[in-house]
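These notes are about the structure you will find just below.
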Amino acid sequence: MTEAPNESSTERSDAGGHLNFIEQLVEEDIAAGKNGGQVFTRFPPEPNGYLHIGHAKSICLNFGLADKYGGQTNLRFDDTNPVTEDTEYVDSIKNDVRWLGFEWENEFYASDYFEQIYGFAEKLIQKGLAYVDDSTSEEIAAQKGTPTEPGQPSPYRNRSVDENLDLFRRMRAGEYADGAKVLRAKVDMASPNMQLRDPIIYRIKHAHHHRTGDTWCIYPMYDFAHGQSDAIEHITHSLCTLEFEVHRPLYEWFIERLGIFPSRQIEFARLNLTYTVMSKRKLKQLVEEGHVNGWDDPRMPTIAGIRRRGYTPASLREFADRIGIARRENLIDLGLMEFCIREELNKTTHSVMAVLDEQPIKLVITNYEEGREELLNIENNPEEETITYRRVPFSREVYIERDDFMENPPKKFFRLFPGGMVRLKGAYIIKCDDLVRNDAGEITELHCSYIPESRSGSDTSGINVKGTIHWVSVPHAVEAEVRLYDRLFSVENPAADDPDGQLRSFKDLLNPNSLEIVRAFVEPALVEAARSGEQTNFQFMRKGYFVLDPDSTTNRPVFNRTVTLKDGWAKEQNRKS
RNA sequence: AGCCCGAUAGUAUAAGGGUAGUACGACAGAUUUUGGUUCUGUUUGUGGAGGUUCGAAUCCUUCUCGGGCUACCA
């Protein structure tokens, strides 16, 4: 240990070294010598659905924490409810965790511990701390009382140890029907904490389990499986979301009575994101009512959806890092997630040209010889340390977007207008001479002239233009389908519109324009790159970041818009209107 | 209603008795062959009231507001 590092290094370590409250607790534990200074965590999903961005926060937290302190993280499936769980979900969860960039130390299942957990239950019975209750679920609910009134003891609360043991074994043996009996922990029916009013710890379910098959007909409840699994795995820090806070006294009660490894449960606030919903029930509703096209719809906050939207694992890890960890409820601005993916893609993708328009304008360069073609060198990404170039064909006719031309432009419109000049990106400066209209009076073509000495890279024209627009050569253009995704909901916090947790119609909350499908013309190099699998993420110059979608066919590529570019012009226009 | 948890710029997140900082956003300017990027600058905050203290975002009291708990789900 060297003393007194110089000031600058102290500052540096402080600057990046803010600890969140969990890291502080962990460091206190390490300093106190708990668990031999080790840090073991686990990510414990129930395999009953798809992972979403909130799970990503938890994954990054658990794996990140163990990694930071030289520990390990297990992937543990919390599969104690056979009727809701399925192997299909196990596979998708593993896939998502790996895709995020994490590798677990062990793959475990709560169902691996059923025999041990059963043993814990018998131990509790033998200590007189658990009893078999024949009451119906309604009766048990009535016994619980309310938060303001204490509960009443069950008539079966004082059964003898022997009777309880016998009954519990017969429960296991399958002698009773579902719901006929439960095993309850004998804690405190008058506790102000409802979780402690003799919670049910085992129930009878004659159901097929995705892993244990028909071996069991009794299954432990969450409260008698999660902490026990943590203990078995010697998880030092068991991180979960705030709603489990009231379970912690029970978690610790079991540790004490059972004398098992004392994992420490720490709760943090779950992630909420603007313009989306996070609850499994609501996500399911979106899928089932057909508001989206499945769990991996690019508008969904599922990891599968976000992946298909074109987000990268690194951008999600960065996002998880930036949102922080705390105990207060939060609603994170979707814009932060967008910032994270732009930040990465800006550095890594090639900027290519795509004309996104159902009805692009054809631009005819009247003084460019018919049949002439040039291959222009255009830089792939101005951010590259050493710039690379690709060849882009140019010809007498090019497509441009309708938005890049205005017949009567407002002030500070830098794009094309009658008599105006712009640069075609990577090519020439052109001047708009004439408009061509169809019978309906719509503009179909622009006749322009180009300045031959203004060619990019060897411009001797001395002309400066304000605007540069993108284009695609008509004879070389490849047609593509482009899916323009936007926020799923039009209100910031759709969950707030659902105060009672009632299932209600999403109709007035959904963004009607969350998906717009347009035809596009893209430069040929892009299709080659995508087909070869070299790159799937691109910047469509001036438009946004796009990713090749699995729906693509060899003849017709499909691109999803991941996120738009920031658009100062559009922002200013919106402000005016 | 009882118990528990929480409250720091618009949104998040630091500061654990000693100058309220950072990021995103917003605004302004510079650069720019992407109205992008980059750079520079500006802006905005400790929920209220008391108390302890030389000194309080931090400790205490109280109020207010927000969240959680009354599943044989997790």
Side-chain angles (χ1 to χ4, degrees), chain A residues 14-20 24 44-46 48 78-81 83-85 133 136-137 140-141 144-151 178-184 191-195 197 199-205 219 221-223 225-226 240-249 267 269 274 280 322-340 342-343 346-347 351 353 378-379 381-383 412-415 422-427 429 454 456-457 459 464-470 539-544 564-573:
Chain A
D14 281 352
H18 294 310
L19 299 181
N20 64 48
Q24 290 177 15
E46 182 186 13
N48 71 344
D78 223 336
D79 55 350
T80 57
N81 186 358
V83 303
T84 59
E85 296 152 6
D133 195 327
T136 65
S137 63
I140 289 176
K144 286 225 165 165
T146 69
T148 47
E149 308 155 43
D178 290 8
K181 287 179 166 47
V182 293
L183 184 69
R184 287 227 253 170
S191 171
N193 182 344
M194 302 289 288
Q195 311 301 321
R197 319 245 266 225
I200 295 169
I201 58 176
Y202 259 95
R203 77 284 216 194
I204 301 171
K205 270 182 200 272
Y219 293 92
M221 299 285 289
Y222 167 85
D223 283 309
H226 198 99
C240 61
T241 45
L242 248 27
E243 68 267 28
F244 291 102
E245 184 182 347
V246 287
H247 294 243
R248 194 186 340 129
E267 311 87 19
T274 55
K280 199 170 279 176
R322 284 174 179 265
I323 59 179
I325 299 292
R327 278 176 70 84
R328 87 174 110 152
E329 305 287 335
N330 59 79
L331 180 60
I332 306 285
D333 190 342
L334 179 62
L336 183 61
M337 210 169 116
E338 296 181 336
F339 168 83
C340 291
R342 284 194 190 104
E343 184 188 39
N346 174 52
K347 289 188 283 226
S351 295
M353 295 195 287
I378 298 188
E379 58 186 12
N381 182 344
E383 310 295 316
K412 300 215 300 202
F413 183 79
F414 299 157
R415 285 111 96 147
V422 294
R423 173 174 293 281
L424 295 177
K425 172 68 187 180
I429 293 174
S454 68
S456 280
D459 184 348
N464 276 317
V465 290
K466 260 322 236 254
T468 299
I469 64 175
H470 63 283
Q539 182 192 126
F540 286 1
M541 194 172 292
R542 303 206 299 138
K543 303 306 290 185
T564 61
L565 252 32
K566 277 204 263 180
D567 189 344
W569 171 247
K571 191 191 272 182
E572 197 176 319
Q573 296 308 295

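Between the CD atom of A/Glu149 and the P atom of B/G2 there is a distance of 13 Å, given to the nearest Å. In this structure, CD1 of A/Ile323 is placed 18 Å from P of B/A23, rounded to the nearest angstrom. Rounded to whole Å, atom P of B/C5 lies 10 Å from atom CD of A/Glu267. Separating the CG atom of A/Asn381 from the P atom of B/U33 is a distance of 16 Å, rounded to the nearest angstrom. Between A/Leu565 atom CG and B/G36 atom C1' there is a gap of 5 Å when expressed in whole angstrom units. Between the NZ atom of A/Lys425 and the C1' atom of B/G35 there is a distance of 13 Å, rounded to whole Å.
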Completion exercise
In B/S/- notation (B base, S sugar-phosphate only, - none; protein heavy atoms under 4.0 Å), nucleotides 24-32 of chain B written 5' to 3' is SSSS-----
Handout entry: nucleotides 64-74 of chain B: protein proximity per nucleotide (B base, S sugar-phosphate only, - neither; heavy atom, under 4.0 Å)
Key = ---S-SB-BSB
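Legend: residues meeting salt bridge (Lys or Arg N to Asp or Glu O under 4.0 Å) with A/Arg203, ordered by chain and number and at least two apart, are absent. Under the salt bridge (Lys or Arg N to Asp or Glu O under 4.0 Å) criterion, A/Asp133 pairs with A/Arg184, not counting sequence neighbours. Taking the side-chain contact (heavy atoms from CB on, under 4.5 Å) definition, one finds that A/Gln573 meets it with A/Trp569, A/Lys576, sequence neighbours left out. Residues satisfying the side chain to side chain donor-acceptor pair (under 3.5 Å) test with A/Ser456, not counting sequence neighbours, are A/Arg423. The salt bridge (Lys or Arg N to Asp or Glu O under 4.0 Å) test applied to A/Glu383 returns no partner, not counting sequence neighbours. Checked against ring pair (Phe, Tyr, Trp, His ring centres under 6.0 Å), A/Tyr202 has the following partners two or more places apart in sequence or in another chain: A/Phe168. The ring pair (Phe, Tyr, Trp, His ring centres under 6.0 Å) test applied to A/Phe244 returns A/Tyr222, A/His247, not counting sequence neighbours.
A donor-acceptor contact under 3.5 angstrom links the side-chain atoms of A/Gln539 to the base of B/U34. For A/Arg542 against B/U34, a side-chain-to-base donor-acceptor contact under 3.5 Å is absent. For A/Thr468 and B/U34, a side-chain-to-base donor-acceptor distance below 3.5 Å is absent, hydrogens and geometry of angles not being considered.
Taking the C1' atom of each, B/G66 and B/U53 are spaced 31 Å apart, rounded to whole Å. Spacing between B/A20 and B/G55 at atom C1', rounded to whole Å, works out to 15 Å. Spacing of P atoms, B/G45 relative to B/U31, comes out at 32 Å, to the nearest Å. When the C1' atom is compared between B/C39 and B/A57, the two are found 34 Å apart, to the nearest whole Å. B/A12 and B/A74 are spaced 31 Å apart, taking the P atom of each and rounding to whole Å. Distance noted for atom C1' between B/A56 and B/A49: 15 Å (whole Å). Between B/C24 and B/G41, the distance separating the two P atoms is 14 Å to the nearest Å. B/C4 and B/C73 have their P atoms separated by 28 Å, with the value rounded to a whole Å.
Residue contacts for A/Leu331: at a heavy-atom cut-off of 4.0 Å it reaches the sugar-phosphate backbone alone, with no base atom in range. In this structure, A/Gly457 reaches the bases: a heavy-atom distance under 4.0 Å links it to at least one base atom across the strands shown. A/Arg415 comes within 4.0 angstrom of a nucleotide base, judged by non-hydrogen atoms across all strands. Within 4.0 Å (heavy atoms only), A/Phe540 reaches no atom of the nucleic acid at all.
We find that A/Glu343 and A/Arg322 are joined by a salt bridge, their nearest charged nitrogen and carboxylate oxygen being less than 4.0 Å apart.
Both key distances under 3.5 Å define a Watson-Crick or G-U pair, and stretches of 3 or more such consecutive pairs in RNA chain B run B:2-7 with B:64-69, B:10-13 with B:21-24, B:26-30 with B:38-42, B:47-51 with B:59-63.
Within the 3.5 Å criterion, the main-chain N or O of A/Thr274 finds no donor-acceptor partner in the side chain of A/Asp333. Not one N or O on the side chain of A/Arg415 forms a donor-acceptor pair closer than 3.5 Å with the backbone of A/Val422. When atom types are taken as modelled, the side chain of A/Ser191 and the backbone of A/Asn193 share a donor-acceptor pair closer than 3.5 angstrom. Counting only distance, with no hydrogens or angles, the side chain of A/Thr468 and the backbone of A/Lys425 share no donor-acceptor pair below 3.5 Å.
A/Thr84 and A/Asn48 make their closest contact through O-CB, 3.2 Å (heavy atoms, listed as atom of the first residue, atom of the second, distance). The minimum heavy-atom distance linking A/Ala225 with A/Thr80 is given by the pair CB-CG2, 3.5 Å.
By the rule that a glycosidic angle within 90° of 0 means syn, B/G50 does not qualify and counts as anti.
Nearest-nucleotide assignment on RNA chain B puts the 5′-proximal partner with A/Ala269, out of A/Ala269 and A/Trp569.
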Exercise for the section: Decide yes or no on side-chain contact (heavy atoms from CB on, under 4.5 Å) for A/Ile204 and A/Val182, but give the supporting numbers first. Expected result: CA-CA 7 Å; A/Ile204 301 171; A/Val182 293; over 6 Å; no
Exercise for the section: Walk me through it: do A/Val246 and A/Met194 pass the test side-chain contact (heavy atoms from CB on, under 4.5 Å)? Expected result: CA-CA 8 Å; A/Val246 287; A/Met194 302 289 288; over 6 Å; no
Handout entry: From CA spacing to verdict: side-chain contact (heavy atoms from CB on, under 4.5 Å), A/Lys543, A/His470
Key = CA-CA 10 Å; A/Lys543 303 306 290 185; A/His470 63 283; 3.9 Å; yes
Under-3.5 Å N/O pairs linking protein and nucleotides 45-47 of chain B:
none

Just the table, please: protein N/O against nucleotides 14-17 of chain B N/O, every pair under 3.5 Å.
unit_1: B/A14; atom_1: O2'; unit_2: A/His18; atom_2: ND1; d: 2.4
unit_1: B/A14; atom_1: O2'; unit_2: A/His18; atom_2: NE2; d: 3.3
unit_1: B/A15; atom_1: OP1; unit_2: A/Gln24; atom_2: NE2; d: 2.8

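Atom CG in A/Asp567 sits 9.0 Å away from atom CZ in A/Arg542 (nearest 0.5 Å).
Checked against B/G6, B/U37, B/G35, the side chain of A/Arg327 finds its nearest nucleotide in B/G6.
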